[in-house]
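In this text the structure is predicted, and so the values were computed from the model without any measurement. In what follows, residues are counted from 1 in the order of the sequence shown.
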Amino acid sequence: MQFRKADISDIPVIQQIAEKAWRPTYSHILTEEQTLYMLDMMYSADTLQKQIKSSIEFYLANRDQQTLGYFSFEITEPKRMKLHKIYLDPEQKSKGTGSLIIEYVKQHALKAGVEQIELNVNKYNSAVQFYEKLGFFRAKEMVLDIGNGYVMDDYVMQLNLMPAQ
C-alpha cells in the first residue's frame, strides 16, 4: 500500500470514489436528494481544489497503480488533529485498507506531536464500530446544519495517542 499526496489532477478519481462509496454507505441514512446535495457541496471540483491547496493534508491510498481510497486530515490546534475524510472504493471494505490508513494517520500525528485525533461520523454509519475497534471513543454528539434544510447527525469520536498521565 502506498500513500501519496493528492494533487489537482486527482480530483476526478476522488469524485469517482466518492460517488461509488456514498450510496452504499448512506442510502439507509440519507435521502437521494441530501446525498446529491452533500456530494456537490463536498466534492465539487472547486471545493476539492481548495482543500488540496489548503493546509489540509489530502492523500490517496494506492496499490498496484489502483486508487483504493482517499483521506484527509489537518492539525487544527496544537496537539490535536482532525481526520476530515476517509473513504474507500466499496470493493476495498473489510480488506484492511481502512486500518492501514488509520495507522498511517496515527504515525503522521505522532511525528507532528499530536496527542489526539478527532473525527465526525454519522451516528448510523457502520464505520462507528470500525473506529471503536481501532480505539476511538464517542466523545460527544453533534448536529450540524449544512444548509438547504439538511443536517449532519454525528458522533465526534476521539483517539488518544498518549497514555493518560
Side-chain angles (χ1 to χ4, degrees), residues 1 3-63 65-74 76 81-105 117-134 136-159:
M1 176 88 46
F3 302 110
R4 73 165 177 83
K5 279 194 173 185
D7 62 38
I8 303 307
S9 69
D10 295 313
I11 289 175
V13 75
I14 293 166
Q15 291 172 322
Q16 193 175 43
I17 292 171
E19 191 68 39
K20 285 171 73 175
W22 268 60
R23 284 184 182 71
T25 302
Y26 297 112
S27 64
H28 67 290
I29 302 169
L30 307 176
T31 64
E32 178 64 10
E33 292 78 20
Q34 184 171 353
T35 298
L36 290 170
Y37 174 79
M38 292 178 73
L39 280 169
D40 183 59
M41 180 182 80
M42 296 177 180
Y43 293 99
S44 71
D46 285 347
T47 299
L48 288 172
Q49 191 167 359
K50 286 176 189 159
Q51 288 178 11
I52 290 169
K53 290 182 173 181
S54 74
S55 62
I56 295 172
E57 301 274 347
F58 209 121
Y59 283 83
L60 300 180
N62 297 312
R63 181 181 296 132
Q65 275 84 50
Q66 181 185 4
T67 300
L68 309 179
Y70 59 87
F71 56 102
S72 68
F73 56 86
E74 73 177 313
T76 54
M81 177 184 280
K82 175 83 177 206
L83 178 58
H84 290 290
K85 298 179 187 333
I86 174 172
Y87 286 97
L88 301 176
D89 182 308
E91 294 172 21
Q92 297 305 314
K93 290 206 172 188
S94 301
K95 293 184 178 180
T97 305
S99 297
L100 289 171
I101 290 171
I102 295 295
E103 187 57 35
Y104 181 85
V105 171
I117 299 173
E118 186 175 272
L119 61 86
N120 287 34
V121 61
N122 184 286
K123 291 177 187 172
Y124 307 102
N125 186 334
S126 61
V128 170
Q129 289 74 37
F130 164 76
Y131 293 122
E132 289 176 331
K133 194 170 76 173
L134 295 174
F136 284 82
F137 64 94
R138 300 174 200 188
K140 61 184 173 185
E141 297 182 18
M142 168 189 252
V143 176
L144 181 67
D145 184 338
I146 58 168
N148 217 38
Y150 300 122
V151 298
M152 292 192 330
D153 190 10
D154 292 350
Y155 290 122
V156 177
M157 300 189 74
Q158 294 176 346
L159 176 68

(request) List the atom of A21, the atom of P90, and the distance in Å for their closest heavy-atom pair. (result) CA-CG, 3.9 Å
(request) Report the distance from atom CD1 of I101 to atom CG of L134, rounding to the nearest 0.5 Å. (result) 11.5 Å
(request) Specify whether Y70 and Y87 have parallel, tilted or perpendicular ring planes, treating 30° as the upper limit for parallel and 60° as the lower limit for perpendicular. (result) tilted
(message) Is it the case that over 12 heavy atoms from other parts of the model lie below 6.0 angstrom from the NZ atom of K123?
(response) yes
(message) Check whether E132 reaches the backbone of M157 with its side chain - one donor and one acceptor, N or O, closer than 3.5 Å.
(response) no
(request) State whether the side chain of Q15 and the backbone N or O of Y43 hold a donor-acceptor pair below 3.5 Å, judged by distance alone. (result) yes
(message) Do Q16 and T67 make a side-chain contact, defined as non-hydrogen atoms from C-beta onward lying under 4.5 Å apart?
(response) no
(request) Could you tell me whether the side chain of T47 and the main chain of M42 form a donor-acceptor pair under 3.5 Å? (result) no
(request) Might you work through the ring pair (Phe, Tyr, Trp, His ring centres under 6.0 Å) test for Y59 and Y104, ending with a clear yes or no? (result) CA-CA 11 Å; Y59 283 83; Y104 181 85; 5.4 Å; yes
(request) Report the distance from atom CE of M38 to atom CH2 of W22, rounding to the nearest 0.5 Å. (result) 4.0 Å
(request) Starting from the C-alpha separation in whole Å, work towards a yes-or-no answer on side chain to side chain contact (heavy atoms under 4.5 Å, CB included) for I102 and K133. (result) CA-CA 11 Å; I102 295 295; K133 194 170 76 173; over 6 Å; no
(request) Write down the atom of P12, the atom of I8, and the distance for their closest heavy-atom approach. (result) CD-O, 4.4 Å
(request) Look at the aromatic rings of Y37 and Y150 and report parallel, tilted or perpendicular, splitting at 30° and 60°. (result) tilted
(message) Quick check for you: to the nearest 0.5 Å, what is the distance between T97 atom OG1 and L68 atom CG?
(response) 5.5 Å
(request) Report the distance from atom CD of E74 to atom CD of E57, rounding to the nearest 0.5 Å. (result) 9.5 Å
(message) Pairing donors with acceptors under 3.5 angstrom, does anything connect the side chains of D7 and S9?
(response) yes
(request) Taking all heavy atoms of V121 and all of A127, pick out the closest pair and write down the distance. (result) CG2-CB, 4.1 Å
(request) Under the side chain to side chain contact (heavy atoms under 4.5 Å, CB included) rule, what do L119 and I86 come out as? Steps first, then yes or no, please. (result) CA-CA 10 Å; L119 61 86; I86 174 172; 6.0 Å; no
(message) Students often mix this up, so state it plainly: with edges at 30° and 60°, are the rings of F73 and F71 parallel, tilted or perpendicular?
(response) parallel
(request) Using a 4.5 Å cut-off on heavy atoms from C-beta on, say whether the side chain of I14 contacts that of F58. (result) yes
(message) Donor-acceptor check, side chain of N122 to backbone of Y124, threshold 3.5 angstrom: yes or no?
(response) yes
(request) Check the pair K82, N120 against side chain to side chain contact (heavy atoms under 4.5 Å, CB included), reporting the backbone distance first and the verdict last. (result) CA-CA 9 Å; K82 175 83 177 206; N120 287 34; 2.7 Å; yes
(message) Does any part of the side chain of I117, heavy atoms only, come nearer than 4.5 Å to the side chain of F136, both counted from C-beta?
(response) yes
(request) Quick one: pull up CG in L159 and CG in L83 and give me the separation to the nearest 0.5 Å. (result) 10.0 Å
(message) With rounding to the nearest 0.5 angstrom, report the CG to CD distance, L36 to E19.
(response) 7.5 Å
(message) Can you tell me if Q129 has over 12 outside heavy atoms packed within less than 6.0 Å of its CD?
(response) yes
(message) Evaluate I56 against K85 for side chain to side chain contact (heavy atoms under 4.5 Å, CB included), listing each step before the verdict.
(response) CA-CA 10 Å; I56 295 172; K85 298 179 187 333; over 6 Å; no
